[in-house]
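These notes are about the structure you will find just below.
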Amino acid sequence: MMHIHQGARRREKRDDSHDDECYEQPPKRAVNMVYDLLQTGAKVHTLGPIIHNPQVVEDLEKKGVTAVSDPREVPEGESLIIRAHGVPESVYEALEQRGTQYYDGTCPFVLKIHKIVKQAPQNSVILIAGNHNHPEVVGIAGHCAGRHFIFSSLEELKNILKNEKIGNDCHIIMVSQTTFSVKEWKLCSNFIKKDYTNAKIFDTICNATAQRQKEAVELSSKVDVMIIIGGRTSSNTGKLLQVCEQNCRSYLVEKADELRQIDFSHCKSAGVTAGASTPDGIIKEVLETMSEIIKENEKINDEEMSFEQLFAESIKDEDTTDSHVVGTVIQITPTEVFVDAGRKETGVVKLEDLTDDPAAKIEDLVKVGDKLDLIIMKTNNAEGTMQLSKKLYDARKGWFDIAQAQESQEILEGVVTDAIRGGILVLTNAVKIFIPASLSGVPKGEDVASLKGETVKFRIIDVNPQRRRAVGSIRSVLREERKAAREALWANIEEGQVYTGKVKSLTSYGAFVDIGGVDGMIHITELSWNRIKHPQDILSIGDEVEVYVKAVDKENKKISLGYKKEEDNPWLKLQRDYPVGSVVKAKIVGLTSFGAFANIIEGIDGLIHISQIANKRISKPADVLQMGEEVEAKITEIDADKKRVSLSIRALLPDEDEIFEEEVTEEAAEEAPAEETAPVEEAAEEAPVEEAAPAEEAAEDAPAQEEASAEEVAEDAPAQEEATTEETAEDAE
């Protein structure tokens with residue numbers, strides 16, 4: 001019978017903590033970024049294939065994701081994701097210049113290399129170990145400011161040093177592609193260390209890559225044939241194939257169907273490993289297909305045990321007979337429960353073997369007559385008692401249920417009991433499940449401790465019965481819930497509907513709000529009736545807001561949202577409370593050469609034209625008004641469509657002619673001699689009545705002349721008056 005040995009795809013620690021376990025490789029991180037963005041309804045593009053796996057790329061293409069070779073190919077308003085390989089500095093500059101919204105999925109290990117080469121001194125020579133045309137290597141080279149060279153072998157490195165005349169006294173910075181051959185890297189770095197004393201060598205091969213290559217070497221030396229699962233264009237997978245081929249027959253397969261072309265008939269054992277970018281679903285499919293091939297070529301050994309049997313064997317308690325009994329509660333004390341298990345010994349269940357809650361009261365958990373499923377932990381024949389445990393039974397049953405839940409992908413519920421380094425622990429069916437922080441559903445950068453005490457839904461993604469360890473994912477459940485919510489929302493959304501959403505992100509042109517699994521955008525002009533510089537003046541990320549649907553484009557999956565309320569429109573308030581003709585108190589908020597701007601109510605400023613500031617000619621508004629001054633003005637015009645209001649201070653002041661007439665009248669009254677009044681009155685009394693008629697007729701016949709005469713008289717009057725006064729003075733003497 002051929003045995004299948006699967007290589008580890010992730011390093012497992014040897015203790016019970018999970019803080020260093022990496023459940024999401026960088027390529028998967030970038031792929032998940034694409035799927036997460038698709039769920040928001042965004043139109044997504046990737047700079048080159050997001051991953052070296054044709055099945056994943058094909059699935060993304062079906063979902064509308066297109067791979068572009070240049071950022072300029074991304075239409076305005078659509079999103080771009082940078083894959084894990086990273087890009088040159090020039091690409092970032094082009095994206096920023098065009099204003100393209102992009103998400104950086106570059107592997108953290110690659111970003112570290114970018115930082116190293118960018119900070120290298122100008123006089124340094126940078127040596128990059130890797131494949132010349134690989135996107136990761138091209139990206140690294142694009143961050144080098146000075147001289148840099150790429151090599152893929154020790155021989156090529158020696159040629160570069162010789163041909164480029166790089167002497168022993170040169171300052172060398174050497175880095176490598178994250179998936180470069182560990183064996184080749186050691187040869188090259190040892191050579192440089194020996195001959196170049198000024199060299200700085202950075203071992204930038206990914207730890208996971210190095211570990212995977214090491215395990216592949218070990219596994220391939222023990223089996224007859226090796227199967228490497230992954231994309232043929234993947235550098236990581238190609239390195240695995242190279243190291244395995246040195247020990248045994250090795251085959252690279254992209255999908256399970258390719259196994260049918262491989263002859264396993266003379267193999268007693270086969271090894272399986274996979275590249276970092278290979279999806280779990282494809283690995284599972286390959287393993288299942290290999291099992292089918294084995295069954296087709298050989299008869300199944302009757303001694304083989306099913307998973308359930310192996311599982312049951314793995315959880316046996318070697319210290320006891322592992323007997324399961326059903327006990328009936330016959331007596332309860334504050335610390336123990338006595339049961340009749342149908343044996344000569346009396347069964348005793350201590351409080352700590354009944355529940356994990358030390359504050360619980362036994363009488364609240366069980367009562368006399370209850371039947372309990374129990375495990376015999378210890379028998380004391382001398383005392384005639386058996387020590388029983390309900391917790392142990394629940395835990396073992398729970399482990400079996402957990403294993404079944406993994407197979408069925410059932411959604412489980414549990415309470416978050418602890419937040420530990422790397423994730424959280426969830427208690428369900430008396431079993432604690434570890435959920436990594438990356439699968440907890442908590443946004444990156446936020447504390448997973450916020451989930452402590454909450455009831456969460458999750459799926460089991462990995463079970464190790466021997467070590468009694470299980471791993472779950474909350475994110476997969478949330479993803480399905482969001483998908484269902486999105487489908488329901490798109491099916492029912494209409495213009496005018498009101499939603500309560502959460503602000504997801506802010507840009508210079510608006511705010512994106514999650515209204516139930518779908519993001520809609522509030523344009524900056526829809527955030528406030530007043531002019532604002534940035535959406536952050538009104539909203540913050542995480543705010544819960546009430547919005548309404550302004551427009552829906554179901555074909556392109558775009559939603560435009562409104563935020564400001566019509567009843568808060570200051571123009572409606574102005575027209576309602578301050579119609580044309582109203583007198584208002586306004587505060588001067590701006591001075592220009594042509595007038596002054598005054599704030600009437602919040603959000604509305606009116607213009608007082610220079611001609612409407614005073615009842616006389618002024619050279620500039622600043623001669624009369626000051627910033628911050630409060631003035632009374634009359635609203636003379638409101639144009640709500642053009643958002644303009646005209647004000648006038650002059651309209652509330654007397655005309656300049658009236659002021660002049662008042663001044664002249666007062667002066668005349670002061671200067672006129674008292675004795676002149678009497679003759680005038682007498683003359684008026686003595687004047688014949690019939691003389692009035694001709695005077696009126698004359699006035700009607702020649703109004704222009706009369707006005708001219710009046711003006712002439714007004715001009716001549718002062719001089720005549722002075723002369724008369726002097727004559728009068730002389731006569732008086």
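Side chains of Leu161 and Tyr196 form a contact here, defined as non-hydrogen atoms less than 4.5 Å apart. Contact annotation: the side chain of Ser540 approaches that of Asp543 to within less than 4.5 Å [non-hydrogen atoms, C-beta and beyond]. Contact annotation: the side chain of Leu439 approaches that of Ile461 to within less than 4.5 Å [non-hydrogen atoms, C-beta and beyond]. Looking at Ile229 and Tyr251, their side chains never come closer than 4.5 Å, going by heavy atoms from C-beta outward. Contact of the Val57 side chain with the Leu60 side chain is not registered, since no non-hydrogen atoms from C-beta on lie closer than 4.5 Å. Taking 4.5 Å as the limit, every side-chain heavy atom of Lys504 sits out of range of all side-chain heavy atoms of Val513. Using a 4.5 Å heavy-atom cutoff, the side chains of Met226 and Thr273 are in contact. With contacts defined as side-chain heavy-atom distances shorter than 4.5 Å, the pair Val456/Val416 qualifies.
Residue Leu506 comes nearest to Pro535 through the heavy atom pair CD2-CB, 4.1 Å, listed as atom of the first residue, atom of the second, then distance. Counting all heavy atoms, side chain and backbone alike, Ile538 lies closest to Ser528 at CD1-CB, 4.0 Å. Across all non-hydrogen atoms, the minimal contact from Leu154 to Glu184 is N-OE2, 2.9 Å. Considering every non-hydrogen atom in both Val223 and Ala270, the closest pair reads CG1-C, 4.0 Å. Contact detail for Leu219 and Gly271: the closest heavy-atom pair is CD2-CA, 4.0 Å. When all heavy atoms are compared, the tightest approach of Gly516 to Leu489 is O-CD1, 4.1 Å.
Tested against Arg486, the residues Val518, Asp519, Thr40 include a single side-chain contact (heavy atoms from CB on, under 4.5 Å) partner, Val518. The side-chain contact (heavy atoms from CB on, under 4.5 Å) test with Phe149 singles out one residue from Ile128, Val125, Asn163, and that residue is Val125.
For the residue pair Glu156 / His132, a side-chain donor-acceptor distance below 3.5 Å is found, with atom types taken as modelled. No donor-acceptor contact under 3.5 angstrom links the side chains of Glu446 and Ser450, judged on distance only.
If you take CD1 on Ile559 and CD1 on Ile522, they are separated by 12.0 Å, rounding to the nearest 0.5 Å. Rounded to the nearest 0.5 Å, atoms CG (Leu127) and CD1 (Ile173) are 9.5 Å apart. Taking OG1 from Thr204 and CE from Met174, the interatomic distance works out to 9.0 Å, rounded to the nearest 0.5 Å. Atom CD1 of residue Ile227 and atom OG of residue Ser220 lie 12.5 Å apart, to the nearest 0.5 angstrom. For the atom pair CD1 (Ile150) and CD (Gln177), the distance works out to 9.5 Å, reported to the nearest 0.5 Å. For the atom pair CG of Asp203 and OG of Ser176, the computed distance is 6.0 Å after rounding to the nearest 0.5 Å.
Ring pair Trp185/Phe180 is perpendicular by interplanar angle, where above 60° counts as perpendicular and below 30° as parallel.
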- Message: Is there a side-chain contact (heavy atoms from CB on, under 4.5 Å) between Val110 and Thr178? Walk through the geometry before answering.
- Response: CA-CA 7 Å; Val110 177; Thr178 55; 4.0 Å; yes
- Lys533 vs Asp537, salt bridge (charged side-chain N to carboxylate O under 4.0 Å, His left out): CA-CA, chis, key distance, verdict: CA-CA 7 Å; Lys533 294 182 179 179; Asp537 297 340; over 6 Å; no
- Query: Does the side-chain contact (heavy atoms from CB on, under 4.5 Å) test come out yes or no for Ile420 and Phe434, once each step is laid out?
  - Reply: CA-CA 9 Å; Ile420 62 176; Phe434 173 68; 3.9 Å; yes
- For Glu93 and Gln97, run side-chain hydrogen bond (donor to acceptor under 3.5 Å, both in side chains): C-alpha distance rounded to whole Å, both residues' side-chain angles, the deciding distance at 0.1 Å, then the answer. CA-CA 6 Å; Glu93 293 173 354; Gln97 187 175 3; over 6 Å; no
- Dump the intermediate steps for side-chain contact (heavy atoms from CB on, under 4.5 Å) on Ile172 and Ile201, then the final yes or no. CA-CA 8 Å; Ile172 291 178; Ile201 301 174; over 6 Å; no
- Message: Show, in sequence, the C-alpha distance, side-chain angles and deciding distance for His45 and Glu78, and conclude whether the side-chain hydrogen bond (donor to acceptor under 3.5 Å, both in side chains) test is met.
- Response: CA-CA 8 Å; His45 305 268; Glu78 299 182 3; 2.6 Å; yes
- Message: Set out, in order, the CA-CA distance, both residues' side-chain angles and the distance that settles side-chain contact (heavy atoms from CB on, under 4.5 Å) for Arg482 and Glu487, then state yes or no.
- Response: CA-CA 9 Å; Arg482 285 196 296 266; Glu487 291 175 352; over 6 Å; no
- Does the pair Asp59 and Tyr35 meet the rule for a side-chain hydrogen bond (donor to acceptor under 3.5 Å, both in side chains), with working shown? CA-CA 10 Å; Asp59 181 61; Tyr35 281 111; 2.5 Å; yes
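Using modelled atom types, no side-chain atom of Thr46 and backbone atom of Pro49 make a donor-acceptor pair closer than 3.5 Å. Asp195 contributes no side-chain N or O that, together with a main-chain N or O of Asn168, makes up a donor-acceptor pair within less than 3.5 Å. Remark: side-chain polar atoms of Arg98 are paired, donor with acceptor, to backbone N or O of Pro71 under 3.5 angstrom. With Thr507 contributing its side chain and Ser505 its backbone, the two residues share no donor-acceptor pair below 3.5 Å. A donor-acceptor pair is defined here as one N or O able to donate and one able to accept, closer than 3.5 Å; such a pair exists between the side chain of His143 and the backbone of Val87. Although no hydrogens or angles enter the test, the distance criterion places no donor-acceptor pair under 3.5 Å between the side chain of Gln213 and the main chain of Lys239. Checking side-chain atoms of His148 against main-chain N and O of Gly146 turns up a donor-acceptor pair under 3.5 Å. With Glu164 contributing its side chain and Ile160 its backbone, the two residues share no donor-acceptor pair below 3.5 Å. No side-chain donor-acceptor contact under 3.5 Å links Thr100 to the backbone of Tyr102. Side-chain N or O atoms of Ser124 include none that pairs as donor or acceptor with a backbone N or O of Ile126 at under 3.5 Å.
Comment: Arg459 engages Glu480 in a salt bridge, judged by a side-chain N to carboxylate O separation of less than 4.0 angstrom. Looking at Arg232 and Glu258, a side-chain N of the basic residue comes within less than 4.0 Å of a carboxylate O on the acidic one, giving a salt bridge. Classification of Lys118 and Glu89 as a salt-bridged pair holds, one side-chain N sitting under 4.0 Å from a carboxylate O. A salt bridge does not link Asp462 to Arg469: none of the charged nitrogens lies less than 4.0 Å from a carboxylate oxygen. One finds no salt bridge joining Glu285 and Lys255 here, because no Lys/Arg side-chain nitrogen approaches an Asp/Glu carboxylate oxygen to under 4.0 Å.
Other residues, nucleotides and ligands contribute at most 12 non-hydrogen atoms within 6.0 Å of the CG atom of Asn133. Gln409 CD: more than 12 foreign heavy atoms inside a 6.0 Å radius. Lys564 NZ: more than 12 foreign heavy atoms inside a 6.0 Å radius. More than 12 heavy atoms of other residues, nucleotides or ligands lie within 6.0 Å of NZ in Lys554, so this atom counts as buried by the packing criterion.
Geometrically, Lys557 engages Trp490 in a cation-pi contact defined by less than 6.0 Å to the ring centre and at most 45° from the axis.
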